[in-house]
Every structure is written in C-alpha cells, then in structure tokens.
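First up is the structure itself, then whatever we jot down about it.
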Amino acid sequence: MRRCVEIAKKAIGHTNPNPMVGCVIVKDGKVVGEGFHPKAGQPHAEVFALRAAGDLAENATAYVSLEPCNHYGRTPPCTEALIRAKVKRVVVGMVDPNPIVASKVGVEEELCKRLNEVFIHHILTRKPFVTLRYSISMNGNISDWLGEGAMEFGGYYSQLLQEYDGIILSGASLTGSSCLPASQELQCKQLKQIIVASSSNSPAKLPLLYQNADDQPIIFADKNAEVDPEIAQHGIETVVLDELRLGPILNYCQRLGLCSLLLDTRGFCRIFEEFVKEGIENRLLQKVVMEVLPVWNGSREAIAVPAKNFDKEVRRLAKLQSRMSNGNLLVEGYF
Ligand code: AOF
Ligand code: ZN
C-alpha cells in the first residue's frame, strides 16, 4: 500500500478534480503490475496496473490506495475491469468519499488520506482546499524571505507550486527578486496566479511570474487600488470588489475549477492579515505550512504573525508534523 501511495504521487498536481491513486498487483509474493492515475479523463490506476500485469492478473491480489470505482464517469468502472481480469482479492487503502462510489476497508488509511487531502476536502465541501504559507524568524516575526533552496527544484516551495492549482499573492510581492522562478519544471504545471491588489499594495508593474504560462493571472482589486494601466492592456482579468475579502475570492476560484490554493504571505501586507482572520473565523483555511528561518529580523522587515482582531478562542491545530529542509524548519498542521 505504501508503494501505491508512492507511485500515485507521480501525478501530484495533475489529477484535480480527481484523486491521486496508485495500484499494485501482486501474485505469489511478486509485483506483476503497477499503475497510477495520471490525470482526470485518463484511465484509472487499476486499468494501468492491469494492463501491465496482463494475464498474470488472474488469481492475483490488487492493492489500491482508493476504493475502486463502480460507476461510469469519464471512464468505465474499475470494479468491472478487476472482475474481467479475474483478480482474486482487492485490498483497499481508503473508502472513496465520493457518494456515488462507497463501501468498507482501511489499510494505511491515514497515509492514503493525507495523499488526497485536497480531493477529500473538495468533493465533500465543493470548496477549494486552502493552505496558508509563511516564513518566520527565530524572534517570531513574519519574514519576506524564503529559506535557502526552497525555490530550487526539489525545494519545499517549488514542490508546493507543483501541488497546488493556484497561488494567492499580494500585489506588493510581485516586484523584483521575490518573483517566482520560471524553471522548466514549473512551466509544465499551470499554476493560476491570483493577485490581490488593495490601495496599499497595488502591483507596481505587470506581474507576470511565469513568462511562458498560457494561463493569465487574475487580479482582485479593491476599488481604491491603483492598477497599472499596462495590466489592462495585456488583457489580464481584473475583478474589482467593493470589499476585498477572502470568501468571494475563493468562490470565484471555485468557479474556475481550482481545487487547491496556496495563500502565500510573501510581501506580507495588511490585507493578508484580514484574510487570515476571516479565513480562520469562517473556516476557509485548512492547512498551515510554516517555515522557521535561522534568522533574527529587525524592525524594518519585522511584521507580527497574523493574529490581529482574532476572536478570543484558541484554535488548536491537528496532525502537526515537522521536518528540516535545507537548514530551515518546516512545520505543518491542519485547522
Ligand atoms: C478509481 N481509481 O485511479 C481513480 C478513481 O470521471 P472518472 O471516470 O475519472 O471518475 C472520477 C471518480 O472516480 C473520482 O471522483 C473518484 O471518485 C474516482 N477516482 N477511482 O477506482 C482511480 N482516480
Ligand atoms: Zn476507477
């Protein structure tokens, strides 16, 4: 089952709105076929694994990280493919939360659920899965910097960009060195850029993070924001809201089919403080990824971690995990 999850991850960032799924077919203690679901519209993991196994699937055991589907969606039911191939036993990691599928089991369930936290949230709530990301200094202030190596290929930040459908950034973070890199790996994934422009953080310049991305960014501006006229000339969609709030932005993203969003506080600005408050109070945020940098930051760049006007109650985060990444500490948790 751990192997199923490992191969399912090959499609990270490419399966939405479908889940990532891996399937391994085992016969007489040997792996005879493996497969994963690469993309919505393409065959499911079981189909690829059965193709690889060929005749050896007969009397074999199929391990699948998600309960095999039994419905006609974009593709036919995997249950029928498994029966046709005469597989003897099916071992399932987690039940499919999709109400049109459904039944039993639970092998390495936590692991299988973590793999598809986005899919699970999205199919049950029909809302995007939103992760708040920020870096802090050792003295507990937000830092505008990312940890060393974070943006490089394999770095945690570039992995986040691969994983999520969209990124919400402040207009202020779009100038100069804090722009995202246009590396080859990132270009293959269409990451929708959602830029928030309020009067205090209007993008000074045309914010094209990926010069080659087919996808145009969207700008959400409040009515007092000064949006560079060049932006309109480039035909970039600008949505003017009376009140710049996270809820309406997320609804808009949902309609665009974005299942997961990274709320990135780089270029941290007042508006994000409001977003975090609104996000926690209205349960719009699901996850936090915090990077602790080995620095002590001074008053010019220091901004307190967003807690302004936060309702008195303490919110406890669940399933805390930590790891080191290039000398920086990464802490993750769930609201
Ligand atoms: C599986 N194996 O690899 C995946 C499953 O439109 P379709 O045909 O792609 O069906 C999508 C639904 O099928 C999706 O919402 C989820 O319930 C299930 N995904 N099931 O047996 C797979 N990706
Ligand atoms: Zn299926």
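Predicted model only: the values in this text are computed from it and were never measured. Along the sequence shown, the residues carry numbers beginning at 1.
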Distance alone, cut at 3.5 Å: any donor-acceptor contact between the side chains of [X] and [Y]?
X: Glu152; Y: Tyr157; answer: no
X: Asn59; Y: Arg89; answer: no
X: Arg2; Y: Tyr63; answer: no

[atom1]/[X] to [atom2]/[Y] distance, rounded to the nearest 0.5 angstrom?
X: Phe275; Y: Ile280; atom1: CZ; atom2: CD1; result: 13.5 Å
X: Met324; Y: Leu330; atom1: CE; atom2: CG; result: 8.5 Å
X: Asp264; Y: Leu132; atom1: CG; atom2: CG; result: 9.0 Å
X: Leu262; Y: Ile167; atom1: CG; atom2: CD1; result: 5.0 Å

For Lys127, I'd like to know if atom NZ has over 12 heavy atoms of other residues, nucleotides or ligands within 6.0 Å.
no

Would you find more than 12 non-hydrogen atoms of other residues, nucleotides or ligands less than 6.0 Å from Arg114 atom CZ?
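Result for CZ/Arg114: enclosed.
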
Listed once per pair and sorted, the salt bridge (charged side-chain N to carboxylate O under 4.0 Å, His left out) pairs that draw on residues 240-256, sequence neighbours left out
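Output for this query lists Arg245-Glu278.
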
Is the gap between the ring centers of Tyr252 and Phe220 under 6.0 Å?
yes

Looking at Leu329, Leu146, Ile136, Val331, which hits side chain to side chain contact (heavy atoms under 4.5 Å, CB included) with Glu291?
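That would be Leu146.
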
For His44, which of Leu66, Thr75, Val21, Val64 qualifies under side chain to side chain contact (heavy atoms under 4.5 Å, CB included)?
Thr75

